[in-house]
Amino acid sequence: MKPLLNAQNLVKQFPVQAGPFEPRRILTAVAGIDLELYPGETLGLAGESGCGKSTVARLLTGLMPASSGSISFDGRELGSLDAPGLVRFRKEVQMIFQDPFSSLNPRMRVEEIIGEPLAIHGIGTPAERRDRVATLATRVGLSPDHLKRFPHEFSGGQRQRIGIARALAVSPRLIIADEPVSALDLSIQAQIINLLQDLKAELDLGFLFITHDLSVLRHLSDRVAIMYLGRIVETGSREAVLDRFLHPYTEVLLSAIPRIDGAKEHRVIARGELPSPLAPPSGCPFHTRCPYAQPVCASEPPPLEEKEPGHAAACHFSKDIYRSKR
Amino acid sequence: MAALLEITGLSTRFKLPGGELRAVEGVDLTLEPGETLALVGESGCGKSMTAASIMRLVPPPGRIVSGSIRFKGEDLLQLPEDQMRNVRGNRIAMVFQDPMTSLNPVFTIGNQIAEGLRLHRGLSKKLAEDEAVEMLSLVGIPAPRERLKDYPHQLSGGMRQRVMIAMALTCRPELVIADEPTTALDVTIQAQILELLDRLKEETGMGLILITHNLGIVAERAHRTAIMYAGEIVESAPTDELFGNPLHPYTRGLLASLPENAQPGERLATIAGSVPDLKMALAGCPFRERCPICEEVCATHHPGMKEAGPGHLVRCLMVP
Ligand SMILES: Nc1ncnc2c1ncn2[C@@H]1O[C@H](COP(=O)(O)OP(=O)(O)OP(=O)(O)O)[C@@H](O)[C@H]1O
Ligand SMILES: Nc1ncnc2c1ncn2[C@@H]1O[C@H](COP(=O)(O)OP(=O)(O)OP(=O)(O)O)[C@@H](O)[C@H]1O
Ligand code: SF4
Ligand code: SF4
Ligand SMILES: [Mg+2]
Ligand SMILES: [Mg+2]
């Protein structure tokens with residue numbers, strides 16, 4: 001199968017300046033990552049706060065240009081698309097945002113919010129659009145009388161449904177969802193997760209799902225990628241990464257999950273402070289915090305390489321560390 | 001030993017055009033020194049307004065209509081406003097749900113932290129700055145001294161949340177109320193901050209009220225847990241007991257909806273329906289329209305709090 005979306009060696013740098021007389025410095029938010037996404041597949045992306053997940057989402061949806069690297073959708077390079085090609089890309093790749101409170105226009109009625117992408121892309125007559133909006137609203141569990149209301153009259157979970165209906169309006173083939181459930185309480189979170197699962201199965205959508213909740217990640221993902229300081233440090237099937245991890249950062253992340261049985265003995269603690277993306281460590285970016293670091297880790301950057309079929313990790317010692325542990 | 005905090009019969013309401021909204025309704029809570037109490041419940045059930053009531057910061061048109069809030073024996077609801085101001089920030093600190101609206105956008109974060117230290121602890125500028133750096137590094141902010149010069153908008157969401165926590169802790173409060181303090185943080189930083197809170201509790205006997213929807217955090221950190229629904233506490237128990245033996249149908253529904261309780265890809269259990277309109281008069285049990293074991297009597301009788309076991313209280317007519 002051909003990937004729907006293929007990103008190669010993606011880099012994003014921001015010039016930052018602490019004050020008017022301070023020197024300009026370069027912050028590398030995304031430091032060269034490769035990603036592939038297939039139809040009907042969910043790729044879960046997780047990693048520390050500030051590691052570049054949202055930046056990746058913005059690059060892939062074309063909301064922000066990459067500093068270097070290439071993105072192709074359906075076999076065509078984004079940079080080579082003509083104007084109609086770009087319009088099609090914007091239609092086929094949709095984004096669901098983290099915050100259901102600030103991502104909806106407060107002055108628009110729900111039917112206008114959901115129908116706006118249809119209007120922008122000039123799809124259908126006004127009457128056809130109204131029908132489509134009503135169908136979508138029902139699909140995500142909103143009732144017809146909700147359509148005349150404004151966003152502030154809805155709960156967090158209902159607002160997130162409005163955002164999902166809007167993303168689905170133009171029949172996208174790929175949805176990028178940036179922390180879509182982390183602001184919601186448990187029972188509403190469960191409703192939204194079920195809805196996303198149904199839609200994916202029904203419409204054969206590709207999904208990129210960004211979350212820092214690893215139990216949600218495990219529930220939804222077919223494949224998983226773990227990021228640290230702008231790089232992917234481990235990737236593979238859900239079972240491979242979450243049950244047979246081969247990178248110490250993945251182990252630290254998984255062991256930090258607060259568990260309902262209250263057991264804390266499983267913890268593997270990363271020492272030290274979070275490095276700043278303005279001054280990333282030499283060698284392996286995780287070496288300043290890695291519980292298994294060796295001298296070579298401070299000088300030699302480990303490449304992201306396949307350690308078993310379909311399962312890659314960026315660590316010099318994954319075989320040694322995890323062979324003895326399992 | 002006297003309780004650190006003892007709330008009895010607290011009710012807080014909002015006068016709205018369509019009627020009075022009961023945000024908090026007859027809440028009783030007790031917190032001992034060094035104890036962590038978790039407050040859990042569906043969005044809009046009154047957790048933040050319970051916290052706001054303790055701080056006497058309920059926004060208008062809301063007001064506390066009855067009850068008492070004893071802090072080390074003294075009823076906060078009877079204190080004159082100037083004494084209450086001293087309690088706030090100095091003896092009881094609050095970490096708010098929304099860090100962007102509770103940090104002042106026109107001052108650097110260094111200014112905001114040091115301000116509190118100079119005001120409440122009378123530290124010199126230099127000492128206050130050193131302590132601010134120390135606090136920021138304790139909550140895991142990289143390069144804290146450089147960060148002092150940053151304005152709130154220059155920090156990522158997770159960093160702002162940590163700054164709020166640092167500010168709340170600088171004055172060594174006796175009670176901290178933390179409203180969703182770690183929602184925007186990834187698990188490793190989450191763990192680091194919760195460890196820090198636990199350590200301060202052990203060292204100083206500080207009490208902690210933790211409002212969160214993360215039940216894993218509750219299981220790990222809270223001695224007692226209170227579950228709220230539609231303004232009322234519907235179940236409260238020592239945390240192990242509550243998770244091991246949940247009795248209220250709402251608590252059971254909540255635990256069933258955890259992703260951990262389903263196979264990957266399977267449908268998650270949900271609680272059908274939504275919270276009742278809090279402006280309507282309470283007849284019967286507020287949970288009855290969503291309750292899987294509802295009986296006829298639930299429509300007419302409002303359940304009172306019953307003791308179901310040692311320290312285990314539940315508000316349900318069907319629990320023997
Ligand atoms: N417009 C910008 N200008 C300067 N720096 C930026 C900008 N946007 C992001 N950054 C920086 O890039 C890095 C990655 O940010 P990003 O928002 O992608 O992180 P994230 O992984 O989504 O984090 P979180 O989990 O907290 O949402 C951070 O250090 C951030 O401060
Ligand atoms: N300023 C206000 N005006 C009117 N009603 C309000 C106001 N603030 C809160 N309420 C209402 O009071 C009730 C309790 O709100 P509260 O903020 O305590 O909920 P919560 O349990 O903290 O929810 P969440 O988990 O979403 O933060 C809600 O029904 C809410 O709509
Ligand atoms: S390469 Fe070295 S420092 Fe990096 S993760 Fe592996 S053991 Fe740790
Ligand atoms: S009192 Fe009745 S409706 Fe209320 S929770 Fe108990 S069984 Fe359900
Ligand atoms: Mg983000
Ligand atoms: Mg709240």
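Order of the sequence lines sets the chain letters (A, B, ...), proteins ahead of strands, with each chain counted from 1.
- With a 6.0 Å radius and a threshold of 12 heavy atoms from other residues, nucleotides or ligands, A:E239 has its CD atom above the threshold.
- The residue from A:N194, A:I192, A:V216 that alone fulfils the side chain to side chain contact (heavy atoms under 4.5 Å, CB included) condition with B:L268 is A:N194.
- B:A269 approaches A:A190 most closely through the heavy-atom pair O-CB, 3.6 Å.
- A pairwise comparison of heavy atoms in A:S215 and B:P259 identifies O-CB, 3.9 Å as the closest pair.
- Of the atoms belonging to A:Q197, it is side-chain heavy atoms, and not backbone ones, that fall under 4.5 Å from chain B.
- Every ring pair (Phe, Tyr, Trp, His ring centres under 6.0 Å) that B:H248 has, sequence neighbours left out, goes to B:F287.
- Every residue meeting the side-chain contact (heavy atoms from CB on, under 4.5 Å) condition with A:A46, not counting sequence neighbours, appears here in chain and number order: A:L214, A:L217, A:I226.
- Shortest non-hydrogen contact noted between A:D198 and B:R267 is OD1-NH1, 2.7 Å.
- Looking at A:L220, there are no atoms closer than 4.5 Å to chain B (heavy atoms on both sides), in backbone or side chain.
- Only the side chain of B:N214 comes within contact range of chain A, with at least one heavy atom under 4.5 Å from a heavy atom of that chain.
- In terms of modelled atom types and a separation under 3.5 Å, the side chain of A:H219 and the main chain of B:E266 share a donor-acceptor contact.
- The distance from the OG1 atom of B:T270 to the CD atom of A:Q189 is 12.5 Å, given to the nearest 0.5 Å.
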